[in-house]
Asks: 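My structure is below; once you've seen it, I'll send some questions.
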Amino acid sequence: MTQPPTFPSRFLSHPNQLGVVAVGFNGGQMKKGVEAAPMALIESGLLTQLHEDLDYEIHHDNIIHYYEQDIPEEDPDHRNMKKPRAVSAVTERLSSQVYEYAKEGKFVLTLGGDHSIAIGTVSGTAKAIRERLGREMAVIWVDAHADINLPEMSPSGNIHGMPMAFLTRLAREDRPDIFGWLKDEHIVSTRKLVYIGLRDVDRGEKKILREHGIKAFSMHDIDRHGIGRVVEMALAHIGNDTPIHLSFDVDALDPQWAPSTGTPVRGGLTLREGDFICECVHETGNLVAMDLVEVNPSLEAVGAAETIRAGCSLVRSALGDTLV
Ligand SMILES: NC(=[NH2+])NCCC[C@H](N)C(=O)O
Ligand SMILES: [Mn+2]
Ligand SMILES: [Mn+2]
């Protein structure tokens, strides 16, 4: 089924060109398997579909980056963070890779990996958008979790629960080998951050969301207003003149549609609601980058194919696939 192509976005100079970064990294949490997701997504035909059905020109080095060369031997816990030097090294390199694509005015699609990789992707696009357009970028974070724990208050010490804290500078660390490389140009304002799909937010995170007035739409809000109204309110908060980075954690979906993920939480979005969010964000014409993270094909193995299909569907929706 071929459709007339519609590309994101007015903020891209090559709207039909996709820079694809595949990040097989699992160090932001403890479960093995999430590193295999980019390969599984690509093998299931995602990039071929984007090229053949949606007419994108794909720029991909055909490498799944395991970043083994970046994994330090010595990596003791630091301020309650597990594997801080590994996550820092991987996201630092990823940040400059994403920056290179984004600076050329290409759309950047990153396939994770656990959600700690957003420290690299969001910082890379934020920097490029600042340089290229002199603008601040917005982030739409679709997730069951807020991933905004400060290291000291994280219940797990897993860095995939902290990326938004570092990206907004609510958490800071000066050591260059532990996120000290994050500079002003990498940072996102708490005013430009919007959550959709939250339903498992830690105590300390709730306090942060409240105190900083961060816009957050939980599953409760979706039940109350419906997904259509929630997406409208989320986009209204961002405004129509702001480039958007969409960071989609597949665990935002209900485990019924995406069982193969490290921290599943019941009561989530239907696949249709997830696709709808992506379609609406695409329609704004402001989308400049997307991450798809936390697909773990080795968990709930019977549901792996389903989870991968769901992931592909979300990406296609964000990139302009329409139903008719
Ligand atoms: N990207 C994710 N799936 N994050 C889950 C985070 C869970 C919990 N809030 C933690 O800090 O450990
Ligand atoms: Mn999550
Ligand atoms: Mn997440």
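In listed order, ligands and their atoms are each counted from 1. Everything numeric here is computed off the predicted structure, so don't read it as measured data.
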Asks: Nearest 0.5 Å please: distance from the CG atom of N149 over to the CG atom of D202.
Replies: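 Nearest 0.5 Å value for the CG-CG distance: 4.5 Å.
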Asks: Closer than 4.0 Å to some heavy atom of S156 - which atoms of ligand 1 meet that?
Replies: 10 (C), 11 (O), 12 (O)
Asks: Heavy-atom pairs closer than 4.0 Å: do any link ligand 1 to the side chain of D251, the backbone, both, or neither?
Replies: side chain
Asks: Which part of D147 is near ligand 1, with near meaning a heavy atom under 4.0 Å away: side chain, backbone, both or neither?
Replies: side chain
Asks: What are the atoms of ligand 1, with element, lying closer than 4.0 Å to any heavy atom of G161?
Replies: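 What qualifies from ligand 1 is 6 (C), 11 (O).
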Asks: Taking the six-membered ring of Y101 as reference, does the cationic atom of K106 (NZ for Lys, CZ for Arg) lie under 6.0 Å from its centre and within 45° of its axis?
Replies: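 No - K106 does not lie over the ring of Y101 by the 6.0 Å and 45° rule.
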Asks: Output all residues satisfying side-chain contact (heavy atoms from CB on, under 4.5 Å) with H51, sequence neighbours left out; order by chain, then residue number.
Replies: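 side-chain contact (heavy atoms from CB on, under 4.5 Å) check on H51 returns I58.
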Asks: Indicate, as side chain, backbone, both or neither, the part of H160 found under 4.0 angstrom from ligand 1 when only non-hydrogen atoms are considered.
Replies: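 Near ligand 1, H160 shows its backbone as well as its side chain.
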Asks: Quick one: look at D249 and ligand 1, take heavy-atom pairs under 4.0 Å, and tell me if it's side chain, backbone, both or neither.
Replies: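 Within the 4.0 Å criterion, D249 contacts ligand 1 through side-chain atoms alone.
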Asks: Are there any protein N/O/S atoms under 2.8 Å from the Mn ion (ligand 2), and if so, which?
Replies: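 Protein N, O or S atoms closer than 2.8 Å to the Mn ion (ligand 2): D143 OD1, H145 ND1, D249 OD2, D251 OD1, D251 OD2.
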Asks: Check for a donor-acceptor pair, side chain of R309 on one end and backbone N or O of S44 on the other, with a separation under 3.5 Å.
Replies: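 Checked: no pair found.
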Asks: Could you identify the single nearest non-hydrogen protein atom to atom 11 (O) of ligand 1 and state the distance to 0.1 Å?
Replies: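 Nearest protein contact, heavy atoms only, for atom 11 (O) of ligand 1 is N149 ND2, 3.0 Å.
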Asks: Out of D143, I148, T263, who gets a non-hydrogen atom closest to atom 3 (N) of ligand 1?
Replies: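 Shortest heavy-atom distance from atom 3 (N) of ligand 1: T263.
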Asks: Does an N or O from N158, backbone or side chain, lie closer than 3.5 Å to an N or O of ligand 1?
Replies: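 N158 vs ligand 1: no N/O contact under 3.5 Å.
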Asks: S123 and S95: side-chain donor and acceptor closer than 3.5 Å?
Replies: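 Short answer, yes.
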Asks: Does E294 approach ligand 1 within less than 4.0 angstrom via side chain, backbone, both or neither, non-hydrogen atoms only?
Replies: side chain
Asks: For ligand 1, which atoms sit closer than 4.0 Å to a heavy atom of D202?
Replies: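 Matching atoms, with element in brackets: 8 (C), 9 (N), 10 (C), 11 (O).
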Asks: Which heavy atom of the protein is the closest neighbour of atom 7 (C) of ligand 1, given with residue, atom name and distance?
Replies: H145 CD2, 3.9 Å
Asks: Might you confirm whether atom CZ of R135 has over 12 heavy atoms from other residues, nucleotides or ligands at distances under 6.0 Å?
Replies: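 Above 12, so yes.
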Asks: Output every pair passing side-chain hydrogen bond (donor to acceptor under 3.5 Å, both in side chains) with a member in residues 19-29, not counting sequence neighbours, ordered by first then second residue.
Replies: N26-E35
Asks: Between atom OG1 of T91 and atom CD1 of I119, what is the distance when rounded to the nearest 0.5 Å?
Replies: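 If I round to the nearest 0.5 Å, the distance is 5.0 Å.
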Asks: Does a salt bridge link R79 with E173, judged by any charged N lying under 4.0 Å from a carboxylate O?
Replies: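 Yes.
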Asks: Donor-acceptor pairs are to be reported for all side-chain atoms of residues 176-184 against protein atoms at under 3.5 Å, with residues two or more places apart or in another chain.
Replies:
residue, atom, partner, partner atom, Å
D177, OD1, R175, NE, 3.0
D177, OD2, R85, NE, 3.0
D177, OD2, R175, NH2, 2.9
W181, NE1, S88, O, 3.4
W181, NE1, S88, OG, 3.1
K183, NZ, G180, O, 3.0
D184, OD1, R169, NH1, 2.7

Asks: Closer than 3.5 angstrom, by distance alone: can the side chain of S260 be matched with the main-chain N or O of A304 as a donor-acceptor pair?
Replies: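 A pair under 3.5 Å: yes.
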Asks: Are H115 and W141 near enough that their ring centres are under 6.0 Å apart?
Replies: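 Close enough - the centres of the two rings lie under 6.0 Å apart.
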